[in-house]
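I have placed the structure first, in the form of structure tokens, so that the comments after it can refer back to it.
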Amino acid sequence: MLVELARLEQQLGFLREIDRLKTVMRQSPLLDQSRKENSAEHSWHLAMYAMLLSEYANGTVDANRVIRMLLLHDIVEIDVGDFPIHGGSSAAAQAEQEVKAAERLFGMLPENQGDQFLALWQEFERAETDDAKFAKALDRFQPLLINIFTGGGTWTENGVSLEQVLFRYGPVIQKGAPQLWTACEQWVARHFSE
């Protein structure tokens, strides 16, 4: 069987391009606080969260679909960078930039793969299906835990209040993983009482 070189070249071009995700630095530190994490590390870690914690999803989820969503969800940051939750950027401007980035990046792939990846990314962004709600919940849960496990992390750096944490993290985690939010409420309350 001959390899269709044009298809393979498109796939390899995409894989080379997404290597750049390793250079997009986030505000969240590693747990040992030796440096900030990058977006590729964040995506990998979220995929592990999905694999281990799918039993806490609100509804029935396909963990493999959630993992795929999470591996793709931040690829757009190659073009637009990371928009930190505490950064105060315009949601509309961010969404517009990310749509253009998704179309460019997934457009590098053979059409059938590009369309499939774009559809998964869009599903994540809309957060209407159980899979997407759970993926979004994990995307908020992981940085919340980093802040808890690092004694305040970016919350302290950015002067984030208890009310801001409850408002920015709570609804998303509650919608996709209410049991995880119940645990978060306890950790957050303890953190802000110390």
Side-chain angles (χ1 to χ4, degrees), residues 11 14-15 17-28 37-87 89-146 167-181 184:
Q11 292 165 324
F14 176 78
L15 290 170
E17 184 72 3
I18 66 169
D19 187 72
R20 293 176 49 211
L21 196 60
K22 298 172 189 174
T23 68
V24 177
M25 300 311 291
R26 296 172 49 83
Q27 277 198 358
S28 297
E37 74 175 346
N38 67 50
S39 288
E41 292 167 329
H42 168 70
S43 296
W44 164 80
H45 209 192
L46 287 179
M48 294 298 295
Y49 274 61
M51 192 165 67
L52 293 171
L53 302 177
S54 62
E55 67 192 83
Y56 300 103
N58 189 21
T60 303
V61 297
D62 178 342
N64 289 328
R65 283 190 85 249
V66 174
I67 289 167
R68 293 178 70 205
M69 242 180 244
L70 290 168
L71 289 173
L72 296 173
H73 85 287
D74 275 344
I75 282 179
V76 296
E77 292 181 2
I78 290 167
D79 287 359
V80 301
D82 180 45
F83 290 93
I85 189 172
H86 308 298
S89 61
S90 161
Q94 175 184 344
E96 185 179 324
Q97 291 174 21
E98 288 182 349
V99 166
K100 288 178 185 173
E103 290 169 352
R104 181 188 82 77
L105 290 159
F106 299 130
M108 296 176 70
L109 287 163
E111 188 174 352
N112 64 333
Q113 283 183 321
D115 290 349
Q116 182 183 47
F117 286 10
L118 181 60
L120 270 175
W121 180 83
Q122 290 168 333
E123 181 181 342
F124 173 85
E125 289 298 311
R126 285 190 302 270
E128 295 170 349
T129 65
D130 287 343
D131 288 349
K133 288 175 192 173
F134 183 58
K136 282 274 194 185
L138 294 177
D139 193 34
R140 286 287 200 284
F141 183 63
Q142 185 252 7
L144 181 145
L145 286 181
I146 289 173
F167 176 76
R168 294 175 182 168
Y169 296 84
V172 175
I173 299 173
Q174 174 73 34
K175 187 183 288 187
Q179 293 176 62
L180 294 181
W181 179 244
C184 289

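Just so we're clear, the structure is a prediction, and the values are computed from it rather than from any experiment.
Residues M25 and D82 fail the side-chain proximity criterion, which asks for heavy atoms closer than 4.5 Å. Under the 4.5 Å side-chain criterion, counting only non-hydrogen atoms from C-beta, Q122 is in contact with L118. When side chains are defined from C-beta on, C184 does not count as touching Y169, because their heavy atoms never get closer than 4.5 Å. The side-chain heavy atoms of W121 and E98, taken from C-beta on, include a pair separated by under 4.5 Å.
Looking only at distances, no side-chain donor or acceptor of R26 sits under 3.5 Å from a matching main-chain atom of H42. The closest donor-acceptor contact from the side chain of N58 to the backbone of P178 lies at 3.5 Å or more, if one exists at all.
A salt bridge links E123 and R65; the closest N-O separation between the charged side-chain nitrogens and carboxylate oxygens is under 4.0 Å.
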Item to complete: Tell me, with the steps shown, if E37 and Q142 meet side chain to side chain contact (heavy atoms under 4.5 Å, CB included).
Response: CA-CA 12 Å; E37 74 175 346; Q142 185 252 7; 3.5 Å; yes

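Once rounded to the nearest 0.5 Å, the distance linking CG of N38 with CH2 of W44 reads 11.5 Å. Here Y49 contributes atom OH and Y56 contributes atom OH; the two are 13.0 Å apart, rounded to the nearest 0.5 Å.
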Identify all side-chain donor-acceptor contacts of residues 72-79 below 3.5 Å with residues at least two apart in sequence or on another chain.
from, atom 1, to, atom 2, distance (Å)
H73, ND1, L70, O, 2.7
H73, NE2, D139, OD1, 3.2
E77, OE1, S39, OG, 2.4
D79, OD1, R104, NE, 3.4
D79, OD1, R104, NH2, 2.8
D79, OD2, R104, NE, 2.8

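Ring geometry for F106 against F117 counts as perpendicular: the plane angle is over 60°, on a 0 to 90° scale with 30° as the lower cut.
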